[in-house]
There are 2 protein chains.
Amino acid sequence: MTLAVAVTSQYSDEPKSGGIASLIGRSILAGVMSRSYAPKQDVFYEGDPRRSVYQVESGAVCLYKCMPDGRRQIFDFAFPGDLIGLGASAVYSCGAQAIGSVQLKSIPLSRVYDMASKDPELALGLYHAISSELEATRDLLLTLGQRDATERVAAFLLTLSQRNVRAGKSPCLLTIPMTRSDIGDLLGTTIETVSRCLTRLRQQRLIDVIRGSIIQIIDIDGLKALAGQMYH
Amino acid sequence: MTLAVAVTSQYSDEPKSGGIASLIGRSILAGVMSRSYAPKQDVFYEGDPRRSVYQVESGAVCLYKCMPDGRRQIFDFAFPGDLIGLGASAVYSCGAQAIGSVQLKSIPLSRVYDMASKDPELALGLYHAISSELEATRDLLLTLGQRDATERVAAFLLTLSQRNVRAGKSPCLLTIPMTRSDIGDLLGTTIETVSRCLTRLRQQRLIDVIRGSIIQIIDIDGLKALAGQMYH
DNA sequence: CGGAGGATTGACCGGTATCAATCACCGTGG
DNA sequence: CCACGGTGATTGATACCGGTCAATCCTCCG
(Lines give C-alpha, C1' and ligand atoms only; values in the text may rest on other atoms or scores of the structure.)
Protein backbone atom coordinates (compact mmCIF):
# COMPACT_ATOMS: atom_id res chain seq x y z
CA MET A 1 0.00 0.00 0.00
CA THR A 2 1.47 3.29 -1.04
CA LEU A 3 1.33 6.43 1.00
CA ALA A 4 -0.96 7.89 -1.59
CA VAL A 5 -3.65 5.42 -0.80
CA ALA A 6 -3.06 5.69 2.91
CA VAL A 7 -3.25 9.44 2.88
CA THR A 8 -6.24 9.51 0.60
CA SER A 9 -8.28 7.12 2.65
CA GLN A 10 -7.39 9.07 5.74
CA TYR A 11 -8.59 12.42 4.50
CA SER A 12 -10.94 11.95 1.60
CA ASP A 13 -14.08 12.16 3.66
CA GLU A 14 -13.14 15.33 5.47
CA PRO A 15 -15.37 18.14 4.17
CA LYS A 16 -12.95 20.76 5.37
CA SER A 17 -9.85 20.80 7.50
CA GLY A 18 -10.92 18.26 10.02
CA GLY A 19 -8.15 15.82 9.25
CA ILE A 20 -5.28 18.20 9.32
CA ALA A 21 -6.85 20.13 12.14
CA SER A 22 -6.71 17.14 14.41
CA LEU A 23 -3.24 16.35 13.14
CA ILE A 24 -2.00 19.82 13.94
CA GLY A 25 -4.05 19.80 17.09
CA ARG A 26 -2.28 16.74 18.36
CA SER A 27 1.18 17.83 17.42
CA ILE A 28 1.16 21.59 17.80
CA LEU A 29 -2.01 23.22 19.02
CA ALA A 30 -2.27 21.12 22.16
CA GLY A 31 -1.87 23.36 25.17
CA VAL A 32 -2.09 26.62 23.25
CA MET A 33 -4.29 29.14 25.01
CA SER A 34 -7.26 30.43 23.06
CA ARG A 35 -8.02 34.12 22.68
CA SER A 36 -11.43 35.77 22.58
CA TYR A 37 -12.71 37.97 19.78
CA ALA A 38 -15.74 40.23 19.97
CA PRO A 39 -18.50 40.15 17.34
CA LYS A 40 -17.43 41.87 14.13
CA GLN A 41 -13.81 41.92 15.32
CA ASP A 42 -11.25 41.25 12.61
CA VAL A 43 -8.88 38.34 13.08
CA PHE A 44 -6.73 39.42 10.17
CA TYR A 45 -7.14 41.58 7.10
CA GLU A 46 -6.57 40.78 3.47
CA GLY A 47 -3.02 41.85 2.71
CA ASP A 48 -1.68 41.41 6.23
CA PRO A 49 1.55 39.44 6.42
CA ARG A 50 0.62 35.81 6.91
CA ARG A 51 2.02 35.09 10.34
CA SER A 52 -0.38 32.70 12.01
CA VAL A 53 -2.81 29.92 11.45
CA TYR A 54 -5.91 29.81 13.62
CA GLN A 55 -8.22 27.10 14.80
CA VAL A 56 -11.76 27.98 15.77
CA GLU A 57 -12.55 26.88 19.31
CA SER A 58 -16.05 28.29 19.56
CA GLY A 59 -18.23 30.61 17.51
CA ALA A 60 -18.04 31.26 13.79
CA VAL A 61 -15.65 33.22 11.57
CA CYS A 62 -16.19 34.38 8.02
CA LEU A 63 -13.55 34.58 5.30
CA TYR A 64 -14.16 37.34 2.81
CA LYS A 65 -12.75 39.76 0.33
CA CYS A 66 -13.97 43.27 -0.40
CA MET A 67 -13.93 45.30 -3.59
CA PRO A 68 -12.89 48.96 -3.59
CA ASP A 69 -16.52 50.10 -3.76
CA GLY A 70 -17.49 48.04 -0.75
CA ARG A 71 -19.00 44.96 -2.35
CA ARG A 72 -18.13 41.96 -0.22
CA GLN A 73 -17.81 38.30 -1.13
CA ILE A 74 -17.73 35.76 1.67
CA PHE A 75 -15.84 32.60 0.74
CA ASP A 76 -16.66 30.44 3.69
CA PHE A 77 -17.68 30.28 7.32
CA ALA A 78 -15.35 28.54 9.74
CA PHE A 79 -16.80 26.65 12.69
CA PRO A 80 -15.25 24.98 15.73
CA GLY A 81 -12.45 22.67 14.66
CA ASP A 82 -11.83 24.44 11.37
CA LEU A 83 -8.49 25.98 10.50
CA ILE A 84 -8.16 29.41 8.92
CA GLY A 85 -5.16 31.26 7.60
CA LEU A 86 -3.47 28.52 5.60
CA GLY A 87 -2.13 29.51 2.19
CA ALA A 88 0.90 29.85 0.02
CA SER A 89 1.35 33.57 -0.46
CA ALA A 90 3.22 35.83 1.94
CA VAL A 91 0.12 37.80 2.84
CA TYR A 92 -3.40 36.72 3.66
CA SER A 93 -5.39 36.57 0.45
CA CYS A 94 -8.64 37.25 2.29
CA GLY A 95 -9.78 38.77 5.53
CA ALA A 96 -11.27 36.95 8.52
CA GLN A 97 -13.90 38.40 10.83
CA ALA A 98 -15.71 37.05 13.85
CA ILE A 99 -19.44 36.55 13.32
CA GLY A 100 -20.42 36.45 16.97
CA SER A 101 -18.20 36.02 20.01
CA VAL A 102 -15.38 33.73 19.03
CA GLN A 103 -12.49 31.91 20.63
CA LEU A 104 -9.45 31.05 18.54
CA LYS A 105 -6.18 29.27 19.08
CA SER A 106 -3.32 30.61 17.03
CA ILE A 107 0.03 29.22 16.04
CA PRO A 108 2.86 30.92 14.16
CA LEU A 109 3.02 29.75 10.56
CA SER A 110 6.79 29.69 10.74
CA ARG A 111 6.52 26.97 13.33
CA VAL A 112 4.12 25.00 11.17
CA TYR A 113 6.43 25.19 8.18
CA ASP A 114 9.38 24.43 10.40
CA MET A 115 7.81 21.21 11.52
CA ALA A 116 6.43 20.42 8.08
CA SER A 117 9.88 20.71 6.56
CA LYS A 118 10.98 17.85 8.80
CA ASP A 119 7.74 15.89 8.79
CA PRO A 120 6.43 14.94 5.34
CA GLU A 121 3.25 13.61 6.85
CA LEU A 122 2.46 17.00 8.30
CA ALA A 123 3.36 18.68 5.00
CA LEU A 124 1.03 16.36 3.14
CA GLY A 125 -1.55 17.07 5.80
CA LEU A 126 -1.37 20.76 4.95
CA TYR A 127 -1.78 19.84 1.31
CA HIS A 128 -4.88 17.84 2.06
CA ALA A 129 -6.32 20.56 4.25
CA ILE A 130 -6.05 23.12 1.47
CA SER A 131 -7.36 20.65 -1.07
CA SER A 132 -10.51 20.25 0.95
CA GLU A 133 -10.90 24.01 1.08
CA LEU A 134 -10.52 24.13 -2.67
CA GLU A 135 -13.25 21.56 -3.17
CA ALA A 136 -15.61 23.45 -0.92
CA THR A 137 -14.84 26.68 -2.76
CA ARG A 138 -15.52 25.02 -6.09
CA ASP A 139 -18.84 23.78 -4.83
CA LEU A 140 -19.75 27.32 -3.89
CA LEU A 141 -18.54 28.51 -7.26
CA LEU A 142 -20.89 26.06 -8.95
CA THR A 143 -23.68 27.39 -6.78
CA LEU A 144 -23.03 31.03 -7.65
CA GLY A 145 -22.51 30.36 -11.33
CA GLN A 146 -25.37 28.01 -12.07
CA ARG A 147 -28.07 28.07 -9.42
CA ASP A 148 -30.87 30.57 -9.04
CA ALA A 149 -31.55 32.30 -5.74
CA THR A 150 -33.79 29.65 -4.22
CA GLU A 151 -31.43 26.86 -5.17
CA ARG A 152 -28.56 28.78 -3.62
CA VAL A 153 -30.32 29.17 -0.31
CA ALA A 154 -31.28 25.50 -0.37
CA ALA A 155 -27.67 24.53 -1.05
CA PHE A 156 -26.50 26.79 1.75
CA LEU A 157 -28.86 25.20 4.23
CA LEU A 158 -27.65 21.77 3.15
CA THR A 159 -24.01 22.63 3.78
CA LEU A 160 -24.98 23.86 7.24
CA SER A 161 -26.79 20.59 7.71
CA GLN A 162 -23.70 18.65 6.71
CA ARG A 163 -21.56 20.62 9.12
CA ASN A 164 -24.02 19.76 11.84
CA VAL A 165 -23.65 16.09 11.02
CA ARG A 166 -19.89 16.43 11.09
CA ALA A 167 -20.14 18.02 14.51
CA GLY A 168 -22.40 15.22 15.75
CA LYS A 169 -25.55 17.34 15.81
CA SER A 170 -28.92 16.96 14.16
CA PRO A 171 -28.90 17.40 10.37
CA CYS A 172 -32.30 19.06 10.41
CA LEU A 173 -32.17 21.59 13.22
CA LEU A 174 -29.98 24.45 12.13
CA THR A 175 -28.84 27.34 14.26
CA ILE A 176 -27.82 30.20 12.01
CA PRO A 177 -25.17 32.34 13.66
CA MET A 178 -24.70 34.72 10.73
CA THR A 179 -27.01 37.49 9.60
CA ARG A 180 -29.01 37.53 6.36
CA SER A 181 -26.50 40.02 5.09
CA ASP A 182 -23.69 37.53 5.62
CA ILE A 183 -25.66 34.85 3.82
CA GLY A 184 -26.34 37.23 0.97
CA ASP A 185 -22.67 38.09 0.66
CA LEU A 186 -21.87 34.38 0.56
CA LEU A 187 -24.48 33.58 -2.07
CA GLY A 188 -24.04 36.65 -4.23
CA THR A 189 -27.51 37.98 -3.58
CA THR A 190 -29.20 40.48 -1.27
CA ILE A 191 -30.73 40.31 2.18
CA GLU A 192 -34.17 40.67 0.69
CA THR A 193 -33.72 37.82 -1.75
CA VAL A 194 -32.42 35.51 0.96
CA SER A 195 -35.43 36.35 3.06
CA ARG A 196 -37.85 35.83 0.19
CA CYS A 197 -36.30 32.48 -0.67
CA LEU A 198 -36.57 31.31 2.92
CA THR A 199 -40.27 32.14 3.01
CA ARG A 200 -40.68 30.39 -0.33
CA LEU A 201 -39.00 27.28 1.07
CA ARG A 202 -41.26 27.57 4.08
CA GLN A 203 -44.36 27.84 1.92
CA GLN A 204 -43.23 24.70 0.07
CA ARG A 205 -43.05 22.91 3.42
CA LEU A 206 -39.36 22.16 2.95
CA ILE A 207 -38.25 24.10 6.01
CA ASP A 208 -39.67 25.79 9.06
CA VAL A 209 -38.25 29.08 10.26
CA ILE A 210 -38.56 28.74 14.01
CA ARG A 211 -37.08 32.06 15.01
CA GLY A 212 -35.00 33.73 12.30
CA SER A 213 -31.79 32.24 13.59
CA ILE A 214 -33.20 28.76 14.02
CA ILE A 215 -34.34 26.82 10.99
CA GLN A 216 -35.76 23.36 10.93
CA ILE A 217 -35.43 21.27 7.80
CA ILE A 218 -38.69 19.42 7.25
CA ASP A 219 -38.02 17.68 3.94
CA ILE A 220 -34.28 17.28 3.49
CA ASP A 221 -34.66 15.12 0.38
CA GLY A 222 -36.87 17.71 -1.22
CA LEU A 223 -34.29 20.32 -0.35
CA LYS A 224 -31.57 18.23 -1.97
CA ALA A 225 -33.64 17.73 -5.07
CA LEU A 226 -34.27 21.45 -5.30
CA ALA A 227 -30.59 22.24 -4.92
CA GLY A 228 -29.79 19.84 -7.76
CA GLN A 229 -28.62 16.83 -5.81
CA MET A 230 -24.87 16.32 -5.54
CA TYR A 231 -25.38 16.03 -1.81
CA HIS A 232 -25.42 12.24 -1.87
CA MET B 1 15.91 32.43 7.65
CA THR B 2 13.28 29.84 8.28
CA LEU B 3 11.97 27.53 5.66
CA ALA B 4 8.65 29.33 5.88
CA VAL B 5 10.15 32.47 4.48
CA ALA B 6 12.18 30.62 1.92
CA VAL B 7 9.21 28.71 0.65
CA THR B 8 6.97 31.74 0.67
CA SER B 9 9.32 33.89 -1.30
CA GLN B 10 9.84 31.09 -3.73
CA TYR B 11 6.21 30.59 -4.57
CA SER B 12 4.22 33.61 -3.55
CA ASP B 13 4.31 35.23 -6.95
CA GLU B 14 3.17 32.20 -8.87
CA PRO B 15 -0.39 32.80 -10.07
CA LYS B 16 -1.01 29.12 -10.51
CA SER B 17 1.08 26.00 -10.37
CA GLY B 18 4.19 27.34 -11.98
CA GLY B 19 6.42 26.82 -8.98
CA ILE B 20 5.48 23.30 -8.22
CA ALA B 21 5.14 22.51 -11.87
CA SER B 22 8.77 23.29 -12.47
CA LEU B 23 9.69 21.50 -9.29
CA ILE B 24 7.87 18.36 -10.34
CA GLY B 25 9.06 18.88 -13.86
CA ARG B 26 12.64 18.80 -12.78
CA SER B 27 12.32 15.86 -10.48
CA ILE B 28 9.67 13.70 -12.04
CA LEU B 29 8.15 14.81 -15.30
CA ALA B 30 11.48 15.14 -17.07
CA GLY B 31 11.61 12.62 -19.89
CA VAL B 32 7.96 11.62 -19.66
CA MET B 33 6.38 11.32 -23.09
CA SER B 34 3.40 13.53 -23.77
CA ARG B 35 0.13 12.22 -25.16
CA SER B 36 -2.22 13.96 -27.59
CA TYR B 37 -5.88 14.67 -26.96
CA ALA B 38 -8.40 15.66 -29.61
CA PRO B 39 -10.66 18.71 -29.19
CA LYS B 40 -13.50 18.03 -26.74
CA GLN B 41 -11.78 14.85 -25.60
CA ASP B 42 -12.05 14.16 -21.90
CA VAL B 43 -8.86 13.79 -19.90
CA PHE B 44 -10.70 12.53 -16.84
CA TYR B 45 -14.23 12.67 -15.52
CA GLU B 46 -15.54 13.90 -12.20
CA GLY B 47 -15.74 10.84 -9.97
CA ASP B 48 -12.98 8.89 -11.70
CA PRO B 49 -10.40 7.45 -9.33
CA ARG B 50 -7.63 9.99 -8.99
CA ARG B 51 -4.68 8.16 -10.51
CA SER B 52 -2.60 10.72 -12.34
CA VAL B 53 -1.53 14.31 -12.36
CA TYR B 54 -1.13 16.03 -15.72
CA GLN B 55 0.93 18.88 -17.01
CA VAL B 56 -0.25 20.78 -20.06
CA GLU B 57 2.38 20.80 -22.80
CA SER B 58 0.40 22.62 -25.45
CA GLY B 59 -3.19 23.70 -25.93
CA ALA B 60 -5.76 24.44 -23.26
CA VAL B 61 -7.82 22.29 -20.91
CA CYS B 62 -10.90 23.24 -18.95
CA LEU B 63 -11.82 22.03 -15.47
CA TYR B 64 -15.54 21.82 -14.88
CA LYS B 65 -18.39 20.25 -13.03
CA CYS B 66 -21.86 19.49 -14.37
CA MET B 67 -25.21 19.40 -12.63
CA PRO B 68 -27.69 16.59 -13.26
CA ASP B 69 -29.74 18.77 -15.60
CA GLY B 70 -26.75 19.65 -17.73
CA ARG B 71 -25.75 23.05 -16.38
CA ARG B 72 -21.97 23.32 -16.45
CA GLN B 73 -19.61 25.39 -14.35
CA ILE B 74 -16.05 25.79 -15.55
CA PHE B 75 -13.59 26.40 -12.70
CA ASP B 76 -10.49 27.22 -14.67
CA PHE B 77 -8.61 26.87 -17.90
CA ALA B 78 -5.19 25.23 -17.79
CA PHE B 79 -2.50 26.39 -20.19
CA PRO B 80 0.99 25.11 -21.00
CA GLY B 81 2.97 24.60 -17.82
CA ASP B 82 -0.10 24.26 -15.60
CA LEU B 83 -0.76 21.15 -13.57
CA ILE B 84 -4.19 19.54 -13.34
CA GLY B 85 -5.46 16.66 -11.27
CA LEU B 86 -4.02 17.55 -7.88
CA GLY B 87 -6.31 17.13 -4.91
CA ALA B 88 -6.95 15.35 -1.66
CA SER B 89 -9.92 13.14 -2.31
CA ALA B 90 -9.72 9.65 -3.79
CA VAL B 91 -11.64 10.63 -6.91
CA TYR B 92 -11.37 13.66 -9.17
CA SER B 93 -13.68 16.33 -7.86
CA CYS B 94 -14.11 17.83 -11.31
CA GLY B 95 -13.76 16.77 -14.92
CA ALA B 96 -11.11 17.91 -17.39
CA GLN B 97 -11.70 18.33 -21.10
CA ALA B 98 -9.46 19.45 -23.94
CA ILE B 99 -10.49 22.77 -25.50
CA GLY B 100 -8.62 22.34 -28.78
CA SER B 101 -5.90 19.88 -29.61
CA VAL B 102 -3.87 19.29 -26.49
CA GLN B 103 -0.70 17.54 -25.44
CA LEU B 104 -0.33 16.40 -21.84
CA LYS B 105 2.32 14.71 -19.77
CA SER B 106 0.98 12.46 -17.06
CA ILE B 107 2.48 11.00 -13.94
CA PRO B 108 0.94 8.53 -11.48
CA LEU B 109 -0.18 10.25 -8.32
CA SER B 110 1.08 7.33 -6.28
CA ARG B 111 4.57 8.17 -7.43
CA VAL B 112 4.13 11.82 -6.54
CA TYR B 113 2.94 10.94 -3.06
CA ASP B 114 5.65 8.34 -2.76
CA MET B 115 8.31 10.92 -3.39
CA ALA B 116 6.54 13.57 -1.34
CA SER B 117 6.46 11.28 1.66
CA LYS B 118 10.25 11.25 1.61
CA ASP B 119 10.80 14.80 0.42
CA PRO B 120 9.18 17.48 2.57
CA GLU B 121 10.12 20.15 0.07
CA LEU B 122 8.11 18.42 -2.61
CA ALA B 123 5.22 17.91 -0.20
CA LEU B 124 5.24 21.60 0.66
CA GLY B 125 5.43 22.30 -3.06
CA LEU B 126 2.18 20.41 -3.57
CA TYR B 127 0.70 22.46 -0.76
CA HIS B 128 1.75 25.68 -2.44
CA ALA B 129 0.47 24.56 -5.81
CA ILE B 130 -2.98 23.86 -4.44
CA SER B 131 -2.94 27.08 -2.46
CA SER B 132 -2.43 29.03 -5.65
CA GLU B 133 -5.34 27.22 -7.24
CA LEU B 134 -7.46 28.11 -4.24
CA GLU B 135 -6.59 31.78 -4.58
CA ALA B 136 -7.46 31.79 -8.26
CA THR B 137 -10.75 30.05 -7.52
CA ARG B 138 -11.59 32.60 -4.84
CA ASP B 139 -10.92 35.40 -7.28
CA LEU B 140 -13.36 33.83 -9.70
CA LEU B 141 -15.83 33.38 -6.87
CA LEU B 142 -15.62 37.09 -6.14
CA THR B 143 -16.25 37.75 -9.80
CA LEU B 144 -19.32 35.54 -10.01
CA GLY B 145 -20.77 36.74 -6.73
CA GLN B 146 -20.23 40.47 -7.00
CA ARG B 147 -19.59 41.64 -10.55
CA ASP B 148 -22.13 42.28 -13.28
CA ALA B 149 -21.78 40.72 -16.72
CA THR B 150 -19.54 43.39 -18.26
CA GLU B 151 -17.25 43.45 -15.25
CA ARG B 152 -16.98 39.67 -15.42
CA VAL B 153 -15.91 39.70 -19.04
CA ALA B 154 -13.41 42.46 -18.30
CA ALA B 155 -12.00 40.47 -15.40
CA PHE B 156 -11.77 37.39 -17.60
CA LEU B 157 -9.84 39.25 -20.28
CA LEU B 158 -7.48 40.57 -17.62
CA THR B 159 -6.69 37.10 -16.31
CA LEU B 160 -5.95 36.00 -19.87
CA SER B 161 -3.71 39.04 -20.15
CA GLN B 162 -1.88 38.07 -16.98
CA ARG B 163 -1.35 34.55 -18.23
CA ASN B 164 0.11 35.99 -21.37
CA VAL B 165 2.56 38.00 -19.31
CA ARG B 166 3.47 34.92 -17.32
CA ALA B 167 4.14 33.10 -20.57
CA GLY B 168 6.30 35.94 -21.82
CA LYS B 169 3.76 37.17 -24.38
CA SER B 170 2.12 40.51 -24.94
CA PRO B 171 -0.39 41.52 -22.25
CA CYS B 172 -2.64 43.21 -24.78
CA LEU B 173 -2.94 40.76 -27.68
CA LEU B 174 -5.09 37.87 -26.58
CA THR B 175 -5.74 34.70 -28.50
CA ILE B 176 -8.91 33.09 -27.17
CA PRO B 177 -8.80 29.34 -27.62
CA MET B 178 -12.15 28.65 -25.97
CA THR B 179 -15.62 29.25 -27.35
CA ARG B 180 -18.08 31.86 -26.11
CA SER B 181 -19.96 28.97 -24.57
CA ASP B 182 -16.92 28.03 -22.52
CA ILE B 183 -16.49 31.62 -21.38
CA GLY B 184 -20.15 31.78 -20.47
CA ASP B 185 -19.88 28.61 -18.41
CA LEU B 186 -16.86 30.07 -16.62
CA LEU B 187 -18.53 33.38 -15.86
CA GLY B 188 -21.98 32.08 -15.04
CA THR B 189 -23.67 33.79 -17.96
CA THR B 190 -24.76 32.92 -21.51
CA ILE B 191 -23.10 33.03 -24.92
CA GLU B 192 -25.25 35.97 -25.88
CA THR B 193 -24.36 38.00 -22.83
CA VAL B 194 -20.65 37.36 -23.33
CA SER B 195 -20.99 38.51 -26.90
CA ARG B 196 -22.95 41.60 -25.96
CA CYS B 197 -20.43 42.55 -23.28
CA LEU B 198 -17.57 42.21 -25.74
CA THR B 199 -19.25 44.56 -28.18
CA ARG B 200 -19.96 46.95 -25.32
CA LEU B 201 -16.28 46.91 -24.36
CA ARG B 202 -15.45 47.48 -28.02
CA GLN B 203 -17.82 50.43 -28.24
CA GLN B 204 -16.16 51.90 -25.14
CA ARG B 205 -12.83 51.64 -26.95
CA LEU B 206 -11.41 49.38 -24.25
CA ILE B 207 -10.81 46.43 -26.56
CA ASP B 208 -10.79 45.58 -30.23
CA VAL B 209 -12.18 42.29 -31.45
CA ILE B 210 -9.87 41.46 -34.30
CA ARG B 211 -11.38 38.16 -35.32
CA GLY B 212 -13.58 36.56 -32.68
CA SER B 213 -10.76 34.48 -31.32
CA ILE B 214 -8.28 37.35 -31.27
CA ILE B 215 -8.86 40.29 -28.99
CA GLN B 216 -6.67 43.32 -28.59
CA ILE B 217 -6.76 45.26 -25.34
CA ILE B 218 -6.65 48.94 -26.17
CA ASP B 219 -7.02 50.49 -22.73
CA ILE B 220 -5.85 48.01 -20.12
CA ASP B 221 -6.09 50.52 -17.29
CA GLY B 222 -9.63 51.33 -18.25
CA LEU B 223 -10.36 47.64 -18.27
CA LYS B 224 -8.86 47.23 -14.82
CA ALA B 225 -10.88 50.14 -13.52
CA LEU B 226 -14.05 48.64 -14.95
CA ALA B 227 -13.34 45.26 -13.38
CA GLY B 228 -12.90 46.92 -10.01
CA GLN B 229 -9.12 47.03 -9.76
CA MET B 230 -7.44 44.33 -7.72
CA TYR B 231 -5.27 43.67 -10.72
CA HIS B 232 -2.46 45.85 -9.40
C1' DC C 1 -18.68 27.84 -53.71
C1' DG C 2 -21.42 25.99 -50.27
C1' DG C 3 -22.36 24.15 -45.87
C1' DA C 4 -21.96 24.02 -40.86
C1' DG C 5 -20.81 25.60 -36.48
C1' DG C 6 -19.99 29.53 -33.91
C1' DA C 7 -20.84 34.47 -33.06
C1' DT C 8 -23.58 38.54 -33.20
C1' DT C 9 -27.69 41.17 -32.86
C1' DG C 10 -32.56 41.94 -31.84
C1' DA C 11 -37.18 41.44 -29.28
C1' DC C 12 -39.23 40.04 -25.36
C1' DC C 13 -39.82 38.33 -20.71
C1' DG C 14 -38.66 36.89 -16.08
C1' DG C 15 -35.89 36.93 -11.92
C1' DT C 16 -33.62 39.70 -8.91
C1' DA C 17 -31.95 44.28 -7.28
C1' DT C 18 -33.53 48.37 -5.48
C1' DC C 19 -36.23 51.41 -2.72
C1' DA C 20 -39.38 51.71 0.93
C1' DA C 21 -42.41 50.43 4.69
C1' DT C 22 -43.57 47.40 8.30
C1' DC C 23 -42.58 43.80 11.48
C1' DA C 24 -40.02 40.94 14.93
C1' DC C 25 -36.59 40.38 18.24
C1' DC C 26 -33.78 41.71 22.04
C1' DG C 27 -31.37 44.49 25.27
C1' DT C 28 -31.83 48.63 27.95
C1' DG C 29 -33.72 51.65 31.16
C1' DG C 30 -37.58 53.50 33.47
C1' DC D 1 -42.10 44.02 34.71
C1' DC D 2 -43.04 46.60 30.88
C1' DA D 3 -42.20 50.33 27.54
C1' DC D 4 -38.99 51.73 24.40
C1' DG D 5 -35.46 51.92 20.90
C1' DG D 6 -32.38 49.88 17.69
C1' DT D 7 -31.02 46.43 14.76
C1' DG D 8 -32.13 42.95 11.77
C1' DA D 9 -35.79 40.51 9.05
C1' DT D 10 -39.80 40.42 6.26
C1' DT D 11 -42.88 42.00 2.78
C1' DG D 12 -44.35 44.94 -1.06
C1' DA D 13 -43.88 47.89 -5.51
C1' DT D 14 -41.13 48.92 -9.25
C1' DA D 15 -37.17 49.00 -12.48
C1' DC D 16 -33.63 46.85 -14.88
C1' DC D 17 -30.18 43.50 -16.04
C1' DG D 18 -29.57 39.45 -18.18
C1' DG D 19 -31.85 34.98 -19.87
C1' DT D 20 -34.44 33.09 -23.61
C1' DC D 21 -35.93 32.55 -28.26
C1' DA D 22 -35.09 33.64 -32.93
C1' DA D 23 -32.91 35.52 -37.03
C1' DT D 24 -28.77 36.86 -39.33
C1' DC D 25 -23.90 37.10 -39.90
C1' DC D 26 -19.16 35.51 -39.96
C1' DT D 27 -15.47 32.23 -40.41
C1' DC D 28 -13.46 28.26 -41.46
C1' DC D 29 -13.12 24.06 -44.39
C1' DG D 30 -14.46 20.75 -47.36
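Side chains included, hydrogens not; waters and symmetry mates left out as well; all remaining heavy atoms used. Each chain gets a letter, A, B and so on, in the order the sequences are listed, and its residues count up from 1.
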Table please: side-chain donor-acceptor pairs of residues 173-185 of chain A below 3.5 Å, with sequence neighbours left out.
from: A:Thr179; atom 1: OG1; to: A:Ser181; atom 2: N; distance (Å): 3.3
from: A:Thr179; atom 1: OG1; to: A:Asp182; atom 2: N; distance (Å): 3.1
from: A:Thr179; atom 1: OG1; to: A:Asp182; atom 2: OD2; distance (Å): 3.3
from: A:Arg180; atom 1: NH1; to: A:Gly212; atom 2: O; distance (Å): 3.2
from: A:Arg180; atom 1: NH2; to: A:Gly212; atom 2: O; distance (Å): 2.8
from: A:Asp182; atom 1: OD1; to: A:Arg72; atom 2: NH2; distance (Å): 2.8
from: A:Asp182; atom 1: OD2; to: A:Thr179; atom 2: N; distance (Å): 3.2
from: A:Asp185; atom 1: OD2; to: A:Arg72; atom 2: NE; distance (Å): 2.7
from: A:Asp185; atom 1: OD2; to: A:Arg72; atom 2: NH2; distance (Å): 2.9

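- Distance CD1 (B:Ile176) to C1' (C:dA7): 13 Å, rounded to an integer number of Å.
- Remark: P of C:dA7 and CD1 of B:Ile214 are 14 Å apart, rounded to the nearest angstrom.
- When the ring pair (Phe, Tyr, Trp, His ring centres under 6.0 Å) test is applied to B:Tyr54, the partners found at least two apart in sequence or on another chain are B:Phe44.
- Applying the side chain to side chain donor-acceptor pair (under 3.5 Å) rule to A:Gln73 yields no partners; only residues at least two apart in sequence or on another chain are considered.
- Judged as a side-chain hydrogen bond (donor to acceptor under 3.5 Å, both in side chains), not a single pair has a partner in residues 201-220 of chain B (not counting sequence neighbours).
- Here A:Arg138 pairs with B:Glu133 under the side chain to side chain donor-acceptor pair (under 3.5 Å) rule; sequence neighbours left out.
- Listed by chain and residue number, nothing satisfies the salt bridge (charged side-chain N to carboxylate O under 4.0 Å, His left out) test with A:Arg51 (two or more places apart in sequence, or in another chain).
- In this entry the distance linking CG of B:Asp182 with C1' of C:dA7 reads 13 Å, nearest Å.
- Between the side chains of A:Tyr45 and A:Asp48, no donor N or O sits under 3.5 Å from an acceptor N or O.
- Listed by chain and residue number, nothing satisfies the side chain to side chain donor-acceptor pair (under 3.5 Å) test with B:Tyr92 (two or more places apart in sequence, or in another chain).
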Report, one line per pair, each donor and acceptor closer than 3.5 Å where one atom sits in a side chain of residues 192-199 of chain A; sequence neighbours left out.
from: A:Glu192; atom 1: OE1; to: A:Thr190; atom 2: OG1; distance (Å): 3.4
from: A:Thr193; atom 1: OG1; to: A:Thr190; atom 2: OG1; distance (Å): 3.1
from: A:Thr199; atom 1: OG1; to: A:Arg196; atom 2: O; distance (Å): 2.7

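- Two end axes, each from the C1' atoms of five base pairs, can be drawn for the helix from C:dC1-D:dG30 to C:dG30-D:dC1; they diverge by 30°, to 10 degrees.
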Self-check item: Footprint string (nucleotides 8-19 of chain D, 5' to 3'): B base within contact, S backbone only, - free, heavy atoms under 4.0 Å
Solution: -SBBBB----SS

Check nucleotides 23-26 of chain C for protein N or O atoms closer than 3.5 Å to its own N or O atoms and list the pairs.
from: C:dC26; atom 1: OP1; to: A:Arg211; atom 2: NE; distance (Å): 3.4

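- Residue pairs meeting the ring-ring contact (aromatic ring centres under 6.0 Å, His included) criterion with at least one partner in residues 160-191 of chain B, sequence neighbours excluded, are absent.
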